[in-house]
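To start, the structure itself, in structure tokens.
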Amino acid sequence: MRRLLDDDLPAGGLFLSLPCPGIIEIAAVAGFDFVLIDLEHTLIGGRELEELIAAADRAGLSALVRVAEARSERILPVLDAGAAGVVVSRVSSVDDAQEAIRRARYAPLGQRGLNAGRLGRFGDCDLAALLQQLNRETIVIALIEDQEGIAAAEAIASLPGIDGLLLGAADYSQSVGVPWQTTAEPVQEATRRLAGIARRTNRYLFAIPRRAEDMADHIRDGALGIVAANDRGLLRQALSAENRLWRGVYQAENPRRPIEATE
């Protein structure tokens with residue numbers, strides 16, 4: 001994923017909330033480049049997370065993990081387990097961003113704890129060289145979700161150790177008084193503003209399109225990290241379509257026996 005972004009090529013991702021490694025394998029077959037595993041709004045535990053990251057590794061996908069906030073104690077074990085990077089929620093200030101960098105980067109940028117586990121082949125490698133490699137390759141994305149974060153976004157993006165920006169449109173809509181109205185003008189203005197900041201600071205721009213028609217706008221804005229789908233939404237849509245299908249066929253074959261056309 002890092003190589004794609006550094007070559008100015010897009011990477012398509014699946015937002016993952018269900019702790020099912022099989023979904024990751026299916027995403028790889030479908031052609032996705034990465035998964036974004038959510039730890040903020042789920043109860044995914046450590047053992048489950050290890051299995052998800054290992055599944056991504058086997059399938060050839062990069063695994064980003066969303067943590068609840070910059071001071072999350074989960075940043076260290078997430079990265080030690082082999083995640084390609086972290087998406088840090090609720091980054092509203094330079095202090096938040098610096099704390100995320102401190103936890104996600106080794107010295108001199110940060111103070112990530114040293115470990116000779118899975119990534120270090122349990123000590124069977126040049127550990128000093130590994131630290132330099134991981135500092136280069138680990139991706140740290142600041143998730144901006146409120147007006148304070150937008151106001152500080154240029155300073156946040158300018159920090160060494162922050163690789164990219166992502167607008168949390170749903171939570172941002174709530175912060176500006178239009179909950180869930182992610183296409184409202186204040187949210188769209190924030191989207192455009194963050195895109196401009198990403199261009200000026202030479203940071204990756206990530207996007208979560210809420211509608212198919214938003215995809216082109218995000219791409220024109222310069223987004224390369226496109227979270228193009230989410231597992232729960234896809235499952236609901238597919239199951240709803242199949243449910244409507246069988247009920248419609250049944251009703252056509254049995255017009256005198258009406259059934260409830262529920263989803």
Side-chain angles (χ1 to χ4, degrees), residues 10-17 34-42 64-72 74-75 85-101 104 139-159 161-233:
L14 173 69
F15 193 92
L16 191 80
S17 299
F34 70 95
V35 290
L36 173 51
I37 302 167
D38 184 27
L39 298 188
E40 183 182 12
H41 289 284
T42 71
L64 296 179
V65 179
R66 181 169 77 168
V67 296
E69 48 121 2
R71 290 156 186 80
S72 172
R74 302 196 77 177
I75 291 175
V86 288
V87 174
V88 183
S89 299
R90 298 198 293 271
V91 176
S92 299
S93 66
V94 168
D95 285 346
D96 289 340
Q98 288 174 329
E99 183 63 20
I101 294 166
I139 299 171
V140 179
I141 307 296
L143 179 55
I144 307 297
E145 301 185 86
D146 55 30
Q147 292 172 288
E148 292 79 10
I150 285 290
E154 188 136 10
I156 289 167
S158 299
L159 292 172
I162 293 294
D163 295 298
L165 301 172
L166 170 62
L167 181 71
D171 281 333
Y172 187 82
S173 72
Q174 181 169 243
S175 81
V176 294
V178 288
W180 276 123
Q181 298 177 52
T182 55
T183 59
E185 179 53 30
V187 183
Q188 295 303 303
E189 195 279 330
T191 300
R192 294 188 293 269
R193 184 171 174 183
L194 207 63
I197 290 169
R199 285 193 296 271
R200 289 194 297 275
T201 57
N202 196 31
R203 296 296 188 256
Y204 308 134
L205 179 64
F206 278 67
I208 303 177
R210 300 287 168 172
R211 306 173 302 173
E213 53 265 39
D214 295 333
M215 197 84 70
D217 290 337
H218 288 304
I219 290 171
R220 281 193 293 268
D221 282 340
L224 290 178
I226 307 293
V227 185
N230 74 82
D231 56 351
R232 295 184 303 192

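Just so it is clear, the structure is predicted and the values come from calculations on it, not from any experiment. Hydrogens, waters and symmetry mates play no part in the numbers below; they use all other heavy atoms, side chains included. If you read the sequence from its start, that first residue is 1, and numbering goes on from there.
Between T182 and Y172 the shortest side-chain heavy-atom distance does not fall below 4.5 Å. In this structure the side chain of V67 reaches within 4.5 angstrom of the side chain of V88, judged on heavy atoms. The shortest side-chain heavy-atom distance between V87 and F206 does not fall under the 4.5 Å cut-off.
Using a cutoff of 4.0 Å between basic side-chain nitrogens and carboxylate oxygens, R90 and E69 are not scored as salt-bridged.
Distance CD1/I37 to CZ/R66: 12.5 Å, rounded to 0.5 Å. Between atom CD1 of residue I150 and atom CG of residue L167 there is a gap of 5.5 Å, rounded to the nearest 0.5 Å. Separation of atoms CD (E148) and OG (S175) is listed at 7.0 Å; rounding is to 0.5 Å. Remark: R232 CZ to H41 NE2 distance equals 9.0 Å, nearest 0.5 Å. Taken from OG in S158 to CZ in R203, the straight-line distance is 6.5 Å, to the nearest 0.5 Å. For the atom pair Q188 CD and D214 CG, the distance stands at 6.5 Å (nearest 0.5 Å).
Screening L165, L166, D221 against L194 for a side-chain contact (heavy atoms from CB on, under 4.5 Å) leaves a single residue, L165.
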Steps toward side chain to side chain contact (heavy atoms under 4.5 Å, CB included) verdict (Q98, L159): CA-CA 8 Å; Q98 288 174 329; L159 292 172; 3.9 Å; yes

Derivation and outcome, side chain to side chain contact (heavy atoms under 4.5 Å, CB included), residues I101 and I162: CA-CA 7 Å; I101 294 166; I162 293 294; 3.7 Å; yes

Stepwise side chain to side chain contact (heavy atoms under 4.5 Å, CB included) check, R71 with D96: CA-CA 8 Å; R71 290 156 186 80; D96 289 340; 2.9 Å; yes

E154 vs R193, salt bridge (Lys or Arg N to Asp or Glu O under 4.0 Å): CA-CA, chis, key distance, verdict: CA-CA 10 Å; E154 188 136 10; R193 184 171 174 183; over 6 Å; no

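Of all non-hydrogen atoms in V227 and L14, the two that sit nearest each other are CG1-C, 4.5 Å. Pairing each heavy atom of M215 with each of I226, the nearest pair is SD-CG2, 3.6 Å. When all heavy atoms are compared, the tightest approach of T191 to H218 is CG2-CE1, 3.9 Å. In terms of heavy-atom proximity, S92 sits nearest to I156 at C-CD1, 4.4 Å. The heavy-atom pair separating S89 from L143 by the smallest distance is OG-CD2, 3.6 Å. Minimum heavy-atom separation, V140 to A104: CG2-CB, 3.8 Å.
Remark: side-chain polar atoms of N230 are not paired, donor with acceptor, to backbone N or O of F15 under 3.5 angstrom. In this structure a side-chain-to-backbone donor-acceptor pair under 3.5 Å is present from T42 to D38.
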